[in-house]
Amino acid sequence: MPVQTFIEQYRACVKRIATIKGVHGIALVDSDSGMVWAEAGLLVDIEAISEAAVEFWRLHQRLRSGLKSLGEPQALAATFENGLMWVVPVTLSSQRENLVAVAIATPGATDWSGVQSELRSLRSLVGASGVNSQVLS
């Protein structure tokens, strides 16, 4: 797939997630470098939030041996006074990148099944692309 086509498609997917009920912002982030690939939504500071949220993922990665009996993480969540932060793996640990989606949403008022459906599309797109962050930077 041409790189430009891939970029347009993953950005469109991120934008679709941002329009789902209850989602205030979302970003696709390389958790190793902290580079934000794409962001969308109404939150002005979604990029800064996402860069900080990646630390939750990195902490999990450092402590994963102690959590091994729970299996692979499906999502890491934290509730704050003004919203729910959800960090979700987009690529699997066996793949060449460690991409996560960081979503900020309203607890109890978010269409999580819609978010998960779009995340499955995003995973398929990224997994099939053959494109990595070195190509994009």
How would you list, by chain and number, every residue that makes a side-chain contact (heavy atoms from CB on, under 4.5 Å) with [X], sequence neighbours excluded?
{"X": "A12", "answer": "R16"}
{"X": "L76", "answer": "W57, H60, V87"}
{"X": "S121", "answer": "C13, E118"}
{"X": "E8", "answer": "Q4"}

By side-chain hydrogen bond (donor to acceptor under 3.5 Å, both in side chains) - contacts of [X] (at least two apart):
{"X": "E39", "answer": "none"}
{"X": "R58", "answer": "E55"}
{"X": "T106", "answer": "H24"}
{"X": "S65", "answer": "none"}

- The remaining residues in the hydrophobic cluster of L70, counting side-chain heavy-atom contacts under 4.5 Å among Ile, Leu, Val, Met, Phe, Trp and Tyr, are L67
Joint hydrophobic cluster, [X] plus [Y], side-chain heavy atoms closer than 4.5 Å:
{"X": "V102", "Y": "W112", "result": "no"}
{"X": "L122", "Y": "V23", "result": "yes"}
{"X": "L99", "Y": "V54", "result": "no"}
{"X": "I20", "Y": "I26", "result": "yes"}

Please report, to 0.1 Å, the donor-acceptor pairs under 3.5 Å made by any side chain of residues 41-53, with sequence neighbours excluded.
from : atom 1 : to  : atom 2 : distance (Å)
S50  : OG     : I46 : O      : 2.8

- Message: Could you check whether any side-chain N or O of R11 sits under 3.5 Å from a backbone N or O of A40, counting only pairs where one atom can act as donor and the other as acceptor?
- Response: no
- Say whether, by atom type as modelled, one donor and one acceptor occur between the side chain of S31 and the main chain of V100 under 3.5 angstrom. no
- Hey, can you tell me if F6 and W37 have their rings parallel, tilted or perpendicular (30° and 60° cut-offs)? perpendicular
- Between A77 and L84 the two heavy atoms that sit nearest each other are CB-CD1, 4.1 Å
